[in-house]
Visitor: 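Here it is, the structure in full.
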Amino acid sequence: MSVHKKEIKRITTHVLQAMKARGEKIAMLTGYDYSMARILDAAGIDIILVGDSASNVMAGHETTLPITLDQMIYHASSVIRAVKRALVVVDLPFGHYQGNSKVALESTIRIMKEAGAHAVKLEGGSEIAESVKRILSAGVPVMGHLGLIPQSIYKFGTYTVRAKEEEEAKKLIEDALLLEELGCFAIVLEKIPAELTKEVSSRLTIPTIGIGGGQHADGQVLVTHDMLGITKDFKPRFLRRYLELFETIQNAIGDYITDVKAGDFPNEDEQY
Ligand code: KIV
């Protein structure tokens with residue numbers, strides 16, 4: 001008797017395009033390690049972003065700037081080993097595409113070869129067009145990222161809402177149209193007014209993925225550690241926390257410490 005395993009339909013950039021066309025929202029979360037990526041994939045997430053937010057969440061840096069290409073490849077390869085269905089997108093780290101499209105392509109090729117990633121994400125619009133073009137010409141799907149772009153935090157000075165003024169909003173729309181024209185398969189819109197997300201999403205045929213961009217984006221992304229309440233004090237308005245895991249884990253570890261100190265762990269059933 002042959003046993004037929006149920007085949008898993010992988011999420012591709014084409015599947016995402018079809019989702020936008022039929023009005024089905026796209027769910028994306030960040031992932032940086034094997035164990036969490038297994039859970040994300042098993043839960044049915046469409047896209048896992050190996051974000052350079054690993055610099056904050058995993059390494060404790062204040063910004064996303066310090067993370068290296070080798071570190072991104074380490075995180076991405078751990079995620080890829082866990083994933084059967086989701087599309088895995090990897091951030092190109094700061095310094096690997098701004099102003100040098102050759103470096104951008106070389107870094108992308110390392111991410112694709114060494115980690116086995118499915119796509120890369122770059123922050124910015126017209127300023128990085130050459131890098132986007134060159135990566136796309138090598139057959140690698142590119143996700144754009146506009147609005148609040150954390151790799152430029154020292155230019156902005158704060159993490160407040162972007163593109164509230166007409167001039168910046170106009171540039172963002174032009175950049176979004178350019179990224180679509182160049183061939184990007186999706187664009188993250190971070191921390192911009194909901195009405196601007198609505199306009200951009202209606203003018204593009206590729207999906208927009210919002211984070212702090214309101215309900216009109218074609219999909220949503222959050223940092224997993226934020227929505228699970230592992231990062232304790234980060235509570236921006238756009239963040240919905242589905243769990244308060246910091247306290248839950250802290251309490252479990254407190255119970256373990258108490259049991260060890262009291263000689264209650266291990267008991268007779270927990271030894272050989
Ligand atoms: O690095 C990251 O986590 C991101 C998301 C916030 C979109 O770029």
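In each ligand, atom 1 is the first atom listed, and ligand 1 is the first ligand listed.
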Visitor: Pick from Ile206, Thr12, Leu16: which one makes a side-chain contact (heavy atoms from CB on, under 4.5 Å) with Phe185?
Guide: Leu16
Visitor: Test question: given the 4.5 Å side-chain rule for I, L, V, M, F, W and Y, name all other residues clustered with Tyr32, or answer none.
Guide: Val57, Met58, Val223
Visitor: Using a cut-off of 6.0 Å, state whether more than 12 heavy atoms not belonging to Arg38 lie near its atom CZ.
Guide: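 Counting neighbours around CZ of Arg38, 12 or fewer heavy atoms of other residues, nucleotides or ligands fall under 6.0 Å, so no.
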Visitor: Under 3.5 Å, is there a donor-acceptor pair linking the side chains of Thr205 and Glu180?
Guide: yes
Visitor: Enumerate the pairs of nitrogen or oxygen atoms, one from ligand 1 and one from the protein, separated by less than 3.5 angstrom; state names and distance to 0.1 Å.
Guide:
unit_1, atom_1, unit_2, atom_2, d
ligand 1, 1 (O), Asp52, N, 3.2
ligand 1, 1 (O), Asp52, OD1, 3.0
ligand 1, 1 (O), Ser53, N, 3.1
ligand 1, 1 (O), Ser53, OG, 3.2
ligand 1, 1 (O), Asp91, OD2, 3.1
ligand 1, 3 (O), Ser53, OG, 2.5
ligand 1, 8 (O), Lys121, NZ, 2.9

Visitor: Does any donor atom in the side chain of Lys191 or Thr160 lie under 3.5 Å from an acceptor atom in the other side chain?
Guide: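 On atom types as modelled, these side chains do not qualify, holding no pair under 3.5 Å.
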Visitor: Taking only Lys NZ, Arg NE, NH1 and NH2, and the carboxylate oxygens of Asp or Glu, determine whether Arg110 and Glu106 approach each other closer than 4.0 Å.
Guide: no
